[in-house]
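Keep in mind that the numbers below use all heavy atoms, side chains included, and drop hydrogens, waters and symmetry copies. Remember, it's 1-based here, ligands and their atoms both numbered in the order they're listed.
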Amino acid sequence: METDATKYIWFNGKMIPWADATVHVTAHALHYGSAVFEGIRAYATNKGPQIFRLKEHIDRLFNSAKIYRFPLAVTKDDVMDACKKIITENGLEYGYIRPLIFMGEVGLGVKFKKGKNADAMVCALPWGAYLGEEGLKKGIKVCVSSWRRLAPDTIPTEAKAAGNYLSSILIANECTNNGYAEAIALDSNGYISEGSGENVFLVKDNVIYTAPDTAGLLPGITRDAVIKIAQDMGIKVVTQPLPREFVYLADEMFFTGTAAEITPIASVDGIDVGPGYRGPITEKLQNAFFALVKGDAEDKYGWLTPCK
Ligand SMILES: Cc1ncc(COP(=O)(O)O)c(C=O)c1O
C-alpha cells in the first residue's frame, strides 16, 4: 500500500476501503486516457478543514466531462459531497483531494458505447508543499522545455483530462533529468504557455503579466484567485501573449496551481530572475493567499467551504 494511503476512497457513490478501490485492466481510461479529474486542496483552519474553491473545481470537472461527452451517472452535488466526506471520514485536517471521472469497463472500442456510464471516484492524500517548503520561500530553478504544449486544434487544454498529462510527463521528466525543479513550456506558436502542472506569472515594472487562455494552458483556479487578489491590492494585471525572452527580463516570476500554490521562480535557464530570489510582489501575494486559505484572514471572496 502507498505510504500516504488513507482509510477510504469514495467510488461510485460509496465510501469503500482504499485497497478495494480497483479497476479492471481493460478499463477504457487505461488504454485511451479517457478520464477527467481535479486537484483540490483542503486547508487546516481554526474552523476545521476547509476546501479552497470547491464549486469552481467541480464546475471545471463537469466542463471537462462535457467537452468529452462523458455519459454521467453522478451529479455535481454528489461529487462535492464526496470531497467533503473524503476529508472528514479519513480524519484528515488538510489534504489534496483528487476527484476522477473515467471510462471504466466499457469495452475496448475507442467510441463510447450507448448505455455505459463513466465511473467516478474521489480520494484524498495528506500532501504538503508540492515544490517543497524551501521552494515556497527561496524560489525554484526552472528551464524552458524543449516540448511544446498541445496545439489548440489537437487536444483541448481547457479540459483537465488525463491524456493531457502525457505532455506534462514529457516536460516534467525532461527538466528533472536536466537538474531543474520545473519547466515552462511554450505553446504551439512559440509563446509562453505554462508549467507541467502550474500557470506562470511574471512581474515587470510593478505590472503582473500572465499568458492568455489561448496559449495552450489550463485556466487555473489559483491563477484566477491570484489575479483577483492582485487587482484588489491595486496591482495591474495584464493577460497577453508573452514572448520567451520576457522570462529572462522579468523582475519576478512565480508559478500558481493547487499543488504548487504560489511558488517563486529564482532562475530560468540559469539566468537569475531579478536578484535570483523571491521578489516583494510575489511575497505579498503569497502572504495574502496563505492568510486567506488558512483562515487567518477574512474569506472575503467566499472561497472556503467547511467539510462538516
Ligand atoms: C497543466 C496545469 N496547468 C495549470 C494548473 C493550475 O490549475 P489550478 O490552479 O486550478 O490548480 C494545473 C493544476 O491543476 C495543471 O495541471
Side-chain angles (χ1 to χ4, degrees), residues 33 35-43 51-64 67 83 95-101 122 124-125 127-131 136 140 142 145 147-152 154-175 181-188 191-202 208 210-230 237 239 242 253-263 265 285-286 289-290 292-293 301 303-305:
V36 293
F37 67 100
E38 275 303 316
I40 311 174
R41 268 194 198 261
Y43 287 92
I51 302 176
F52 181 63
R53 307 198 75 177
L54 177 61
K55 183 184 176 301
E56 290 86 342
H57 279 284
I58 301 308
D59 283 346
R60 189 170 67 185
L61 178 69
F62 279 73
N63 283 342
S64 301
I67 290 170
C83 288
Y96 180 86
I97 306 170
R98 167 56 57 83
L100 178 89
I101 295 179
V122 180
L125 303 167
W127 276 3
Y130 178 61
L131 295 166
L136 284 178
I140 56 167
V142 314
S145 180
W147 291 102
R148 298 278 180 100
R149 289 289 291 162
L150 305 157
T154 58
I155 291 180
T157 56
E158 189 118 350
K160 192 170 167 65
N164 297 22
Y165 286 79
L166 288 171
S167 155
S168 298
I169 288 168
L170 291 169
I171 295 164
N173 283 341
E174 181 191 60
C175 76
E182 237 311 359
I184 297 165
L186 305 179
D187 69 12
S188 57
Y191 290 98
I192 290 165
S193 176
E194 61 176 352
S196 67
E198 310 85 12
N199 295 118
V200 65
F201 285 80
L202 52 88
I208 297 180
T210 196
D213 291 4
T214 46
L217 54 82
L218 177 75
I221 290 164
T222 321
R223 168 178 173 261
D224 176 75
V226 164
I227 291 172
K228 288 200 171 79
I229 292 170
V237 182
T239 302
L242 302 170
M253 280 183 70
F254 56 89
F255 280 128
T256 65
T258 298
E261 299 170 303
I262 301 176
T263 299
I265 296 172
L285 290 169
Q286 280 183 318
F289 176 80
F290 285 116
L292 192 153
V293 297
Y301 308 100
W303 283 342
L304 299 180
T305 302

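- Between the side chain of Arg98 and the backbone N or O of Glu38 there is at least one donor-acceptor pair closer than 3.5 Å.
- Nearest to atom 10 (O) of ligand 1 among the protein's heavy atoms is Ile221 N, 2.7 Å.
- At a heavy-atom cutoff of 4.0 Å, ligand 1 is contacted by the backbone of Ser196 but not by its side chain.
- Of the candidates Ile208, Leu285, Leu242, Ile262, Phe201 forms a side chain to side chain contact (heavy atoms under 4.5 Å, CB included) with just one, namely Ile208.
- Residue Thr258 places at least one N or O, backbone or side chain, under 3.5 Å from an N or O of ligand 1.
- Residues Val142 and Met253 fail the side-chain proximity criterion, which asks for heavy atoms closer than 4.5 Å.
- Scanning the protein for heavy atoms near atom 1 (C) of ligand 1, the closest one is Glu194 OE2, 3.4 Å.
- Atoms of ligand 1 lying under 4.0 Å from any heavy atom of Gly257, numbered from 1 in the order shown and given with element: 6 (C), 9 (O), 11 (O).
- Each of the atoms 4 (C), 6 (C) of ligand 1 lies under 4.0 Å from some heavy atom of Asn199.
- Not one N or O of Ser168 is nearer than 3.5 Å to an N or O of ligand 1, by distance alone.
- Ranking protein heavy atoms by distance to atom 12 (C) of ligand 1, first place goes to Gly197 O, 3.2 Å.
- Remark: distances from the non-hydrogen atoms of Arg60 to ligand 1 include one below 4.0 Å.
- Considering every non-hydrogen atom in both Leu218 and Glu158, the closest pair reads CD1-O, 3.8 Å.
- The nearest protein atom to atom 7 (O) of ligand 1, hydrogens excluded, is given as Gly220 CA, 3.3 Å; this is a heavy-atom distance.
- With contacts defined as side-chain heavy-atom distances shorter than 4.5 Å, the pair Leu186/Ile192 qualifies.
- Within the structure, ligand 1 lacks Leu217 among the residues with a heavy atom less than 4.0 angstrom away.
- A 4.5 Å side-chain heavy-atom check between Val200 and Ile265 finds at least one atom pair inside the cut-off.
- Arg149 has its side chain within reach of Ile171: a pair of non-hydrogen atoms, C-beta onward, lies under 4.5 Å apart.
- Residue, atom and distance of the protein heavy atom nearest to atom 14 (O) of ligand 1 are Lys160 NZ, 2.7 Å.
- Using cut-offs of 30° and 60° on the angle between ring planes, the pair Tyr43 and Phe52 is perpendicular.
- Among protein heavy atoms, the minimum distance from atom 16 (O) of ligand 1 is reached at Tyr165 OH, 2.4 Å.
- Contact record, Arg41 with Ala259: NH2-O, 2.7 Å, taken as the closest heavy-atom pair.
- In terms of protein heavy atoms, atom 9 (O) of ligand 1 is closest to Thr222 OG1, 2.6 Å.
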